[in-house]
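A short write-up of the structure that comes next.
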Amino acid sequence: MVTEVDISPREAEVLELVGAHLSNAEIAARLFISVRTVESHVSSLLRKLEVPDRRALARRAPEPVAAGPARPAPVLPAPLTSFVGRARERAELAGMLGSHRQVTAVGPGGVGKTRLALAVAADVAGEFPDGVWFVDLVPVTDAGLVAAAVAGALGLGEQPGRDMAEALAAALADRHALLVLDNCEQVADGVALFLERLLAACPRVTVLATSRARLMVPFERVHPVPPLSLADDGGSDAVALFLERAAAFGRPLDPPPAQIAEICARLDGMALAIELAAARYPTLGLDGITAALSHPLRMLTGGSRADDRHRSVRAALDWSHALLEPADRALLRQVSVFAAPFTVAAAAEVAGAEEGVVAEGLARLAEQSLLVVTATPHGTEYRALETIRQYATERLTEAGELDGVRARHLRWCLARAAALAEEGHDWRARFDLVADDLRAALRWSAEQPEQRTDAYHLARHLAELTFVRTLIGESQQRYEQAAALAGDPGSAASALRHAAAVAGCRMRGDDMYRLRRAAADAARRAGDASGAARDLAALATDTYRFLGKFARKLPSEETAALVAQAQELAGEDPAAQAAVALAEAGRALNDAVGSAQGRPEDSVQETIARAERAVELTRRTGDPLAASAALDVLTGTLSWAGDAFEAAATAGRRITLLSSAPRTPAATHELIEALGEAAEAGLGTGDLPGARRWARRLADHPLLAEVGHRATNWLLVADALGGDVDQVLTGGVRFLDAWRRAGNPAGSALGPAVAAVATVHGLRDDHDAQREWETVLDRFGASPERTYGYGAVFDALLLLHRGRAPEALERTAPEPGEVWKWVTWIWLHWYVALRAEATVLAGSRDARARLAEARTITSGNPVAGAIVERSEALLDDDRERLLATAAAFDAAGCRYQSARTLVLAGGEHAITGAAALAALGLAPMAVR
């Protein structure tokens, strides 16, 4: 029973949904948590329940109740006051949502669109088994950030290599869910583009939008939201609302219904206007409200009813505003600049007043229903409804105070942004609280010539903060914005270089190219010829180093031209000369790897010499990132030359160098690439503990949280080769879910991980799971790397486990020198060691010669060398030497090969080995 182990309530929820065969992404959406959090819970459950994989975990889930699995509660803001009336409108709107995919509730500000939408969403939540989400678009000032706002509400992070709209479409593709998008009018164009893409890709998603005007998108059906009913037969919703709100002040209220009905009629049944009037009941009474409203509302003559209604709210706001004390009017105007809920301290800073005075003023405004007050874990927060905020902003403009207050708001934002950059581990939550205000301040200041300098600095701060917050799409946008705002081309070039690095982290090589070229152009305008040379040379180097990130493959003539231009501009500058040398070394390696098989010795030495010269020149510059790039090229060169150990040492030097580098986008980009390279290097030399260490750091990197297939790639390979079956099964869940959410990319770099997991399932005799993973692998195509490299290694491992040595020998038939391109680097030592063992177990006559060759090649590799040593002991029938290799495998962190050794030793050792294999979760091994 599940209750026999100590699992948390959240783990119990996850387990139930695993039992319902939901993916991690689906569970995340159901429970409104991140995919990464689901992965963590699944891993914990696998361990606690002591089951090997997700299939077994599903069998441990409790039986669903007769009504089916629990549906997620709708994620809707909790109203602070009760919803009154509108029974007919609720029914009509709910009915429209049942038959139309996109419904827009349209009406003027203050008519009650948001409250109606929330009530209807709660009414129909049961019809949407995959959830209901509410997205407030008031703080969104940039149409390009609509998808990001929706993703934030759903708890989805950004996936490098895909824009947010694509990621959302993938996450919701098969969901039966409802999205409520509130206040769409200010970013209507962005909402329209987003909805066209989303609804086309997600046939079971329904959208309820609120807006002052229709969105003009496919699928849209418009529902005009009328004022509250004014019937005087006792069924007036407008009167009911007035009574409800007035009674909230604690005074007995038994007024003549006709008098209240008259007040509501003068307010045209507009919900916001009625609430404002009701808030004045304790001080004015009904007679006072009637008298106060009589004169302003007589201005409402002519025009359409929609216009009249709008002016009804405006008149009520005018009246309510006029009744405020001058200081409270000023405060209401000043806090209208906040895009998000704000605190007393923030309001005091923007208002330029003492906190105590501001706190009292905010309380009075809340008492008059002009502000909404909410208690949060971060303290008391205030906000104005959007209609009131817009009204107060108009008043701010009329008073001639807009620029001054916005300037103070901008300074407040700059101070908050600078402080956040210096804060500790919990700064991210505080960033989320002020992020919308930072964006709003930037939007305003970017359009004010006199604020251009501050706008530039705020854009840089926001770019840095969003990068660390893993909002990397926005980070790139903000760096580009900073470049456009920069007061000089040198600052623009700096921002563009950062933007290019972020683009690299996003797997967008074409953006890297565009932005690096722009940086070079800016550097030239600044008179920085050497800086332009470094940019052009770095651009050429990037096209070699990050080839897989480019959609457009650059012709060799184009990259050669970049290097030539860089050479012309470099002059005597050491950093520029180092950058050019690095580009030339990268081109030499690219040409060498792309050449026909067969490597003349002088070409090997010349290519290595070029790379070593680049390393030395970049080292002299003192730039750790340039040196890291050079070490990357040298590592690749040494690997191509077959020197796996020196390549691994060089990869280790790179990691050490980057550990002290500043935390910038470029350093992050380098580190992610370096961790993958170091993990590969460890695998190639048999350093499984080191490979796991680097691969684990890569898997845990926050920038890869939403791309688990990329994050776990090398960790799965290391765990599979080491025999850590549980880790492979757990990591495989994350890999497969993330791969599917990413749209099933067929990148060749993912092939080794998929082959590794398929092999582990084969070793377990789980043929269904093995076929599932082999189907994934087949989507990558029959590449030479799979035929001769990792595919041959994993196939040989499985064939040898099943006692089919002749087939393993046939699978590794090509001589290493014939297929050097695909077995060099990671796979060479594994290939020749397993080939040698297959030769011995298959009884081949040239086994002795094969062993001698393999011993030479694998010398120094603790795992491959032990496989060769064990093979020779088998050939010589030397059990003592054979058993000694078991200890060598254990020391090298390779539990599978240790257990295999015992089985091969026979006798009582075979029994111990079989038990060790079973403990790993593997099937019995066949022997010759």
Side-chain angles (χ1 to χ4, degrees), residues 597-598 642 644 684 686 721 723 755 759 762-763 784-824 826-886 888-889 892 894 896-907 909-910 913 917 923-928:
Q597 290 183 14
L721 291 174
T759 298
L763 293 172
E785 291 84 355
R786 178 181 175 186
T787 302
Y788 303 114
Y790 67 84
V793 167
F794 283 115
D795 286 350
L797 275 170
L798 185 55
L799 290 168
L800 289 170
H801 182 87
R802 292 175 173 172
R804 294 155 60 181
E807 293 175 61
L809 182 58
E810 183 179 355
R811 185 69 180 85
T812 55
E815 293 291 335
E818 296 174 358
V819 293
W820 64 270
K821 277 189 179 183
W822 302 288
V823 298
T824 301
I826 300 175
W827 309 113
L828 177 61
H829 293 181
W830 294 93
Y831 185 91
V832 298
L834 293 171
R835 186 170 184 259
E837 181 171 314
T839 303
V840 170
L841 293 176
S844 177
R845 288 180 295 178
D846 59 351
R848 190 73 62 184
R850 286 277 178 86
L851 285 169
E853 178 189 33
R855 184 178 291 279
T856 299
I857 293 174
T858 63
S859 177
N861 184 314
V863 179
I867 292 174
V868 174
E869 176 70 13
R870 181 179 65 196
S871 301
E872 191 168 54
L874 285 169
L875 184 62
D876 295 338
D877 199 20
D878 188 336
R879 178 174 291 189
E880 185 176 348
R881 282 175 60 200
L882 177 66
L883 290 171
T885 64
F889 287 124
C894 194
Y896 168 70
Q897 293 294 347
S898 175
R900 176 172 170 78
T901 298
L902 297 176
V903 174
L904 289 171
H909 299 295
L917 288 174
M925 193 179 91
V927 294
R928 56 177 179 167

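If you're wondering where the values come from, they're calculated on a predicted model, not measured in any experiment.
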Could I get the full list of side chain to side chain donor-acceptor pair (under 3.5 Å) partners for [X], not counting sequence neighbours?
X    : answer
T901 : R870
E869 : R855, R881
H909 : none

Residues in side chain to side chain contact (heavy atoms under 4.5 Å, CB included) with [X], at least two apart?
X    : result
I826 : E680, L683, W714
R804 : L799, R802, E807
A644 : T685, H829
A892 : P862, V863

To the nearest 0.5 angstrom, please state how far the [atom1] atom of [X] sits from the [atom2] atom of [Y].
X    : Y    : atom1 : atom2 : value
Q897 : E837 : CD    : CD    : 6.5 Å
S871 : L875 : OG    : CG    : 9.0 Å
L834 : I867 : CG    : CD1   : 5.0 Å
L763 : L797 : CG    : CG    : 7.0 Å

For the student: nearest non-hydrogen atoms of [X] and [Y], plus distance:
X    : Y    : result
Y831 : A792 : CE1-CB, 3.9 Å
L809 : A842 : CD2-CB, 4.2 Å
P816 : V823 : O-CG2, 4.1 Å
A886 : S898 : O-OG, 3.5 Å
T812 : R835 : O-NE, 2.7 Å
V903 : M925 : CG1-CE, 3.3 Å

Subject >> For F889, ring-ring contact (aromatic ring centres under 6.0 Å, His included) partners two or more places apart >> reply: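 ring-ring contact (aromatic ring centres under 6.0 Å, His included) check on F889 returns nothing, list empty.
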Subject >> ring-ring contact (aromatic ring centres under 6.0 Å, His included) partners of W827, counting only residues at least two apart >> reply: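 W827: ring-ring contact (aromatic ring centres under 6.0 Å, His included) contacts with F794.
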Subject >> Beyond-backbone contact of L917 with Y896, side-chain heavy atoms, under 4.5 angstrom >> reply: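 L917 vs Y896: side chains touch.
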Original post:
Hey, are the side chains of R848 and D876 touching, using non-hydrogen atoms and a 4.5 Å cut-off?
Top reply: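 Yes. Closest side-chain heavy atoms under 4.5 Å.
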Original post:
Residues two or more places apart in sequence or in another chain: which of them pass salt bridge (charged side-chain N to carboxylate O under 4.0 Å, His left out) with R850?
Top reply: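 If we apply the salt bridge (charged side-chain N to carboxylate O under 4.0 Å, His left out) test to R850, skipping adjacent residues, the hits are E815, D846.
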Original post:
So which pairs with a foot in residues 787-799 pass side-chain hydrogen bond (donor to acceptor under 3.5 Å, both in side chains), sequence neighbours left out?
Top reply: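 Listed by first then second residue: D795-R811.
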Original post:
Do side-chain atoms of S859 reach the backbone of T856 as a donor and acceptor pair under 3.5 angstrom?
Top reply: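 A pair under 3.5 Å: no.
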